[in-house]
Protein chains: 2
Amino acid sequence: MPARPRINLKTLAEYLGLSITTVSRALKDGPEVKPDTVARVKEAAASLGYLPDAGGVYLRTGRTMKICSIFYAPEVADYGDAGFLAQVEGVSRTLETDSYNLIVLAQTANQSPLETVRRVLQQRLADGVIFSRTTPMDERARFCLEFKFPFVSFGRTELHSPHAFVDHDDEGGVYDAVMRLAADGHKRIALFNPAGGMTYAGFRLRGYQRALADLGLPWDRSMLVTSPLSVWASQDAVRDLLTRDTSVTAIVCANQLSMSGAMEAALEQGIEPGRDGLRIIGFGGMPFRMPFEQGVTYYYQPQRRDGEVLARHMLALLGGEPAENLQTVLPYQRIDDLRRFRLDLRERAVGRSAADINGPTASG
Amino acid sequence: MPARPRINLKTLAEYLGLSITTVSRALKDGPEVKPDTVARVKEAAASLGYLPDAGGVYLRTGRTMKICSIFYAPEVADYGDAGFLAQVEGVSRTLETDSYNLIVLAQTANQSPLETVRRVLQQRLADGVIFSRTTPMDERARFCLEFKFPFVSFGRTELHSPHAFVDHDDEGGVYDAVMRLAADGHKRIALFNPAGGMTYAGFRLRGYQRALADLGLPWDRSMLVTSPLSVWASQDAVRDLLTRDTSVTAIVCANQLSMSGAMEAALEQGIEPGRDGLRIIGFGGMPFRMPFEQGVTYYYQPQRRDGEVLARHMLALLGGEPAENLQTVLPYQRIDDLRRFRLDLRERAVGRSAADINGPTASG
DNA sequence: GGCATAAATCGAAACGTTTTGGATTGTGCA
DNA sequence: TGCACAATCCAAAACGTTTCGATTTATGCC
């Protein structure tokens with residue numbers, strides 16, 4: 001093992017001719033320490049390069065100074081990143097402002113969602129956890145609430161107990177999408193929702209039904225497609241839909257993978273995706289290139305900004321803020337011209353300003 | 001903070017009527033502990049749910065039981081993941097077999113590569129570090145060698161001191177690509193190499209030049225394109241090439257983002273990418289859909305398997321294995337029919353076997 | 001100068017685990 | 001039974017930091 005940092009509280013105390021206690025207290029702005037002494041201690045610590053040893057702090061206080069973010073490997077690792085790493089960057093950069101570091105754990109296909117969270121708590125891997133793909137009665141949320149393990153979910157639950165979350169306005173997004181499609185003359189609009197019983201699917205269905213009701217359009221159950229969100233599964237599901245119902249003229253997709261799958265399926269059926277064929281609208285955090293982009297509308301969630309909000313809520317939670325105050329529903333940013341948007345992203349990338357990359361509606 | 005696990009060495013020792021020392025020794029198969037006692041202690045530990053407290057272990061031994069993997073945010077987070085999360089899954093799953101956990105850190109655009117590594121060491125965030133995008137005289141590798149900080153690089157350096165690495169056979173891959181293009185009649189073959197002075201660019205250039213020499217084709221410097229690897233930068237660079245030289249019939253691209261960029265640029269010039277127009281070959285770990293796939297050859301690096309090898313080298317290094325024995329160059333797996341390959345991946349995904357997803361040449 | 005009080009600093013113990021070296025117990029032989 | 005040696009177990013200290021409560025120093029008043 002490499003040598004330990006040579007400066008610890010003991011050496012610092014010896015250097016200053018003070019006790020370890022006083023030095024520790026001074027570094028934490030203890031009110032019973034003379035301001036003179038505080039300044040002297042801090043100056044010496046800075047000039048000697050003292051860094052607190054996280055292990056010592058943990059053993060005494062029980063605080064690991066780590067937050068764990070869990071990603072669902074089958075969804076992310078095989079088919080491309082839907083923005084998780086952008087979120088990781090946002091989370092970790094924000095945590096660092098409070099000396100926290102982010103641990104990333106993969107939940108593989110053969111693990112239950114709860115197993116990974118349980119492990120984080122049992123092994124004291126982190127002071128709190130961030131997880132997504134929430135369900136209405138999410139067992140992880142219930143576990144964390146029961147054991148008082150701090151967490152911020154990316155997505156809501158329907159639990160009565162308040163807890164911290166960051167989510168997007170799925171109901172509003174789908175409502176907007178359907179209203180716009182209807183304004184373009186579409187009457188046979190399908191909704192593609194994710195399989196897995198996630199909470200956000202409910203919000204999306206609600207937005208869909210509300211828009212239909214407001215439009216005076218009938219609610220036709222066969223217009224609801226439910227499927228896992230891989231390109232392949234999406235392609236299958238949309239193929240089925242288009243085969244059994246040729247009157248469908250538009251699909252509101254769950255994410256960009258399912259948008260790609262829907263485009264593939266349309267091509268298979270000899271239908272051109274886009275404004276003149278099958279109209280495709282979708283959601284997501286990574287506007288990378290899809291088979292077709294013209295006539296595609298994309299509801300964008302800037303994941304880096306999302307990550308920052310997640311981290312801020314987590315820090316506030318750890319600082320004692322009540323969870324009721326840490327519940328944020330962020331708007332989607334609608335992109336009607338994906339190509340233009342990606343060009344804009346490109347120009348901003350040249351400027352290399354991370355804050356700008358989050359888009360003009362970033363209010364974080 | 002949540003309560004600490006209630007079972008520690010003290011409670012276990014009291015339960016067994018032994019000293020803390022003996023219990024600790026027994027759990028580690030200490031040779032001076034009676035086999036009877038060892039078995040008794042282990043059984044009690046298992047049934048009472050004893051888990052060692054990582055903080056206590058760290059404070060005494062200096063071992064954090066964590067490995068840190070650093071990703072370069074601008075390359076990964078903005079433009080989509082080139083397989084990093086698949087690698088994360090492979091690394092973390094393999095580390096877990098030795099009770100290690102993976103920390104993922106983002107190196108942002110305004111940080112130097114060394115800064116993140118230095119921080120990991122100074123703050124004792126991990127026992128070792130994994131980083132990629134190595135340069136020939138990589139300052140991170142030199143730093144780690146100087147301070148004896150264990151590391152495994154994903155990519156080689158040209159440093160004299162031996163160190164552990166996992167890399168792909170870039171020279172062999174490009175050699176193979178050029179030979180095959182030549183066998184198809186191509187004589188004006190461009191090489192698209194990454195900007196940034198990374199070691200692997202040298203290997204690729206070497207493979208390119210060696211193939212040309214073996215083929216008796218002239219080495220024309222204008223056939224070498226160097227650019228950052230975003231879709232946008234790639235598109236620009238290939239546009240420049242095609243504008244100034246219309247005789248180019250094939251490009252060996254650095255990764256699939258640059259393949260996409262090259263396809264975009266070809267389309268701009270009214271050239272059809274593929275077997276009858278501009279032939280495009282590339283490398284990468286994430287065979288997601290590109291604008292064109294017919295006539296495209298893809299040298300695939302299965303990142304999950306790569307991650308497993310990285311983790312095994314790291315564990316061996318920490319276990320005292322000399323770095324000279326931990327240097328692995330993995331072959332690329334050539335995919336001539338991307339569409340077929342993705343269908344195969346899909347079928348395997350249905351089977352949900354992670355080992356199979358790495359492909360038939362996985363020798364890991 | 002002595003006393004009371006406040007300000008400032010300090011010693012000791014705690015957190016969980018590992019490891020060195022000592023103490024205790026068991027065994028074999030004269 | 002006593003001695004020497006091996007097997008087995010144990011006490012104490014270390015790691016770095018925080019925090020409780022005690023001790024020391026400084027200040028103001030009579």
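Predicted model, so just to flag it, every value in this text is computed and none were measured. Throughout, protein chains are lettered first and strands after them, A, B, ... in sequence-line order, and every chain is numbered starting at 1.
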Distance, rounded to the nearest Å, where [X] contributes [atom1] and [N] contributes [atom2]:
X        : N       : atom1 : atom2 : answer
Glu14(A) : dT17(D) : CD    : P     : 13 Å
Ile7(B)  : dC15(C) : CD1   : P     : 15 Å
Arg63(B) : dT18(C) : CZ    : P     : 9 Å
Leu59(B) : dG16(C) : CG    : P     : 12 Å
Leu18(A) : dT9(C)  : CG    : P     : 7 Å
Arg60(B) : dT17(C) : CZ    : P     : 13 Å

Item to check | Ala13(B): side chain to side chain contact (heavy atoms under 4.5 Å, CB included) partners, not counting sequence neighbours | outcome: Ile20(B), Val23(B)
Checklist entry - With sequence neighbours left out, what residues match Ala316(B) under side chain to side chain contact (heavy atoms under 4.5 Å, CB included)? => result Glu321(B), Leu326(B)
Checklist entry - How bent is the helix from dG1(C)-dC30(D) to dA30(C)-dT1(D), comparing axes over its five end pairs at each side, to the nearest 10°? => result 70°
Item to check | With sequence neighbours excluded, residues passing salt bridge (Lys or Arg N to Asp or Glu O under 4.0 Å) with Asp29(A) | outcome: Lys42(A)
Next on the checklist: So, using salt bridge (Lys or Arg N to Asp or Glu O under 4.0 Å) as the criterion, who are the partners of Arg119(B) when residues are at least two apart?
Outcome noted: Glu96(A)
Item to check | Identified side-chain contact (heavy atoms from CB on, under 4.5 Å) partner of Thr94(B) from the options Arg312(B), Met314(B), His313(B) | outcome: Arg312(B)
Next on the checklist: Give the residues of residues 23-36 of chain A touching DNA chain D, defined as any heavy atom closer than 4.0 Å, sorted by residue number.
Outcome noted: Ser24(A), Arg25(A), Lys28(A)
Next on the checklist: Counting only heavy atoms and a strict 4.0 angstrom limit, can you tell me which residues of residues 39-47 of chain A come near DNA chain D?
Outcome noted: none
Looking at [X], does any N or O in its side chain come under 4.0 Å of the phosphate oxygens OP1/OP2 on [N]?
X        : N       : value
Thr21(A) : dC10(C) : no
Tyr50(B) : dT17(C) : yes
Ser19(A) : dC10(C) : yes

Checklist outcome for this item: Sequence neighbours excluded, the answer for ring pair (Phe, Tyr, Trp, His ring centres under 6.0 Å) partners of Tyr50(B) is none
Next on the checklist: Parallel, tilted or perpendicular, judged at 30° and 60°: which one describes the rings of Phe71(B) and Phe84(B)?
Outcome noted: tilted
Next on the checklist: Students often get this wrong, so: under 4.0 angstrom with heavy atoms, is Ile20(B) touching a base, only sugar-phosphate, or nothing?
Outcome noted: base
Checklist entry - With sequence neighbours left out, which residue pairs that include part of residues 13-23 of chain A fulfil the side-chain hydrogen bond (donor to acceptor under 3.5 Å, both in side chains) condition? => result Ser19(A)-Thr22(A)
Residues 158-165 of chain A side chain polar contacts: donor-acceptor under 3.5 Å, at least two apart:
residue: His163(A); atom: NE2; partner: Thr157(A); partner atom: OG1; Å: 2.6

Next on the checklist: Just to verify, what does Asp98(A) make a side-chain hydrogen bond (donor to acceptor under 3.5 Å, both in side chains) with, not counting sequence neighbours?
Outcome noted: none
Checklist outcome for this item: Asn8(A) has its side chain closest, among dT17(D), dC9(D), dT17(C), to dT17(D)
Item to check | Within residues 15-28 of chain B or reaching into it, pairs that qualify as salt bridge (Lys or Arg N to Asp or Glu O under 4.0 Å) - sequence neighbours excluded | outcome: Arg25(B)-Glu32(B)
